[in-house]
Number of protein chains: 2
Amino acid sequence: MRSVIIGFGLLILCLLVLFKIAEVNFMRGDVKLEVVVAVAAIVFFFAGLYVNGQRQKKETGTPATPPPAALHSPIVDYAQIKKLGLTQREHEVLVKMAEGLSNQEIAAQLFLSESTIKTHVSNIFIKLDVKRRTQAVQVARELGIV
Amino acid sequence: MRSVIIGFGLLILCLLVLFKIAEVNFMRGDVKLEVVVAVAAIVFFFAGLYVNGQRQKKETGTPATPPPAALHSPIVDYAQIKKLGLTQREHEVLVKMAEGLSNQEIAAQLFLSESTIKTHVSNIFIKLDVKRRTQAVQVARELGIV
DNA sequence: AGCAATTTGGTACTTTAGTACTACGGATTT
DNA sequence: AAATCCGTAGTACTAAAGTACCAAATTGCT
């Protein structure tokens, strides 16, 4: 968390510096508007890539912090998910289910119909070999996929 | 894949339009350089986020170390239980609920009728301030009482 | 281009969960 | 002794969950 704040601080600082440099050069007529915008675009594009990359790293494994009795651990065992044959969407629904949401609430959060959620839920049950959602959550926790 | 191309095409189109609008307005002095750059920065930042998100979706397989994850935490916070006003029986039912059992199954295991379990479950919901059993389990885990 | 898997959505149905009461015996407290 | 809490159980109802199908559009892969 601290590194994220520091990182962002540095990024903002760099951008402010670049900004000033660009402004000065632009006012002198050395640089065109297009170039300034393009540089900003490229920098932020990669900033976006980097930020998302960092976020994904946490979910991909890397026991950065030892188990502090974490509740919904960010450590997700993707190998296990693959082994079970769970799809991206199904896993997404499973996580929402573990958060205690109803089918209707999950549908609203994912901008889907309740029917779709029910379909996903049923498929999850088959793949996890369970009969109820509470059981599914229990198994999912045991397998480290939520 | 096609949607990505279409999306990028639209994005580029929008950017070109915005670009021209910005240029015109900028030349007229209506808009400041900062605003133009900021808009470009924000758009590309989210574009970066989106692109990485799509990319990550494909790489689901990760040979991460399966974290055994001590599920059945034997550490139960009795002070918390008391604070919530949960009785022994209610806590007992709550534990069974967290194990993914149905009301019927809990009734069978505790040699009670399903009606009794329903009564307990309803009282648990009131005390935990939740609406569904999955939510109750989630809250119970957070509070360390299961 | 074509096939398999994924995602989304639907209908119709059964089952389980949950709500809102009531009631009663036993234990504990006042 | 009266009041209160706990545990038990019931009825009658509504809401949600779950099952079993089907179907169509997308996407991934070859």
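Chain A is the first sequence line, chain B the second, and so forth, proteins listed ahead of strands; every chain is numbered from 1.
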Participant: Could you give the CD-to-C1' distance, from A:Q109 to C:dT8, as a whole number of Å?
Facilitator: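 After rounding, the gap between these two atoms is 18 Å.
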Participant: Measure NZ/A:K118 against P/C:dT15 and give the value in whole Å, please.
Facilitator: 15 Å
Participant: The test is side-chain contact (heavy atoms from CB on, under 4.5 Å); show your working for B:N123 and B:L86 and say whether it passes.
Facilitator: CA-CA 9 Å; B:N123 290 330; B:L86 282 175; over 6 Å; no
Participant: Quick one: is D:dG10 close enough that its OP1 or OP2 comes under 4.0 Å of any side-chain N or O from B:S115?
Facilitator: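 So the side chain of B:S115 is within the cut-off, an N or O lying under 4.0 Å from OP1 or OP2 of D:dG10.
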Participant: Would you say A:T116 reaches C:dG9's phosphate, i.e. side-chain N/O to OP1/OP2 under 4.0 Å?
Facilitator: yes
Participant: Could you tell me whether the phosphate oxygens of C:dT8, OP1 or OP2, come under 4.0 Å of any side-chain nitrogen or oxygen in A:R89?
Facilitator: yes
Participant: How far apart are the closest heavy atoms of B:A136 and B:L128, and which atoms are they?
Facilitator: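 Scanning both residues completely, I find the closest heavy atoms to be O-CD1, 3.8 Å.
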Participant: Should B:Q88 be listed as having a side-chain N or O under 4.0 Å from OP1 or OP2 of D:dG7?
Facilitator: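 Yes, within the criterion.
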Participant: Using atom CG of A:L110 as one end and atom C1' of C:dT7 as the other, report the distance to the nearest whole Å.
Facilitator: 12 Å
Participant: Can you name the closest pair of heavy atoms from B:T87 and B:K127 and give their distance?
Facilitator: CG2-NZ, 4.1 Å
Participant: Distance check: side-chain N/O of B:N103 vs OP1/OP2 of C:dT16, anything under 4.0 Å?
Facilitator: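 Result: no.
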Participant: In whole angstroms, how far is the C1' atom of C:dT7 from the NZ atom of A:K127?
Facilitator: 11 Å
Participant: With no hydrogens and no angle check, do the side chains of B:T116 and B:S113 hold a donor and an acceptor under 3.5 Å apart?
Facilitator: yes
Participant: Considering heavy-atom distances to DNA chain D, does B:E90 or A:V130 have its closest nucleotide positioned more toward the 5' end?
Facilitator: B:E90
Participant: Of all the heavy-atom pairs spanning B:L101 and A:R132, show the shortest one and how long it is.
Facilitator: C-NE, 4.0 Å
Participant: Rounding to a whole Å, what distance do you find between A:I124:CD1 and D:dT19:P?
Facilitator: 12 Å
Participant: Take the protein atom CD of B:E114 and the nucleotide atom P of C:dT15, then report the distance between them rounded to whole Å.
Facilitator: 13 Å
Participant: For the pair made of CD in B:E92 and P in D:dG7, what is the distance, rounded to whole Å?
Facilitator: 9 Å
Participant: Rounded to the nearest angstrom, tell me the gap between atom CG in B:N123 and atom P in D:dA9.
Facilitator: 15 Å
Participant: Could you tell me whether B:S113 contacts a base, only the sugar-phosphate backbone, or nothing, with contacts defined as non-hydrogen atoms closer than 4.0 Å?
Facilitator: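 Contact class for B:S113: sugar-phosphate only.
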Participant: Once you apply a heavy-atom cut-off of 4.0 Å, does B:S122 come out as touching a base, just sugar-phosphate, or nothing?
Facilitator: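 Base: the residue B:S122, judged by heavy atoms under 4.0 Å, touches a nucleobase.
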Participant: Could you check whether B:S102 gets within reach of a base, just the sugar-phosphate, or nothing at all, counting any heavy atom under 4.0 Å?
Facilitator: sugar-phosphate
Participant: Do any side-chain nitrogens or oxygens of A:R133 fall under 4.0 Å of OP1 or OP2 in D:dG18?
Facilitator: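 For D:dG18, OP1/OP2 do have a side-chain N/O of A:R133 under 4.0 Å.
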Participant: Can you see if the side chain of B:H120 gets near the phosphate of D:dT8 - specifically, an N or O under 4.0 Å from OP1 or OP2?
Facilitator: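 So the side-chain polar atoms of B:H120 do come within 4.0 Å of the phosphate oxygens OP1 or OP2 of D:dT8, strictly under.
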Participant: With a 4.0 Å limit, can you tell me whether B:T87 has a side-chain N or O closer than that to the phosphate oxygens OP1/OP2 of D:dC5?
Facilitator: no
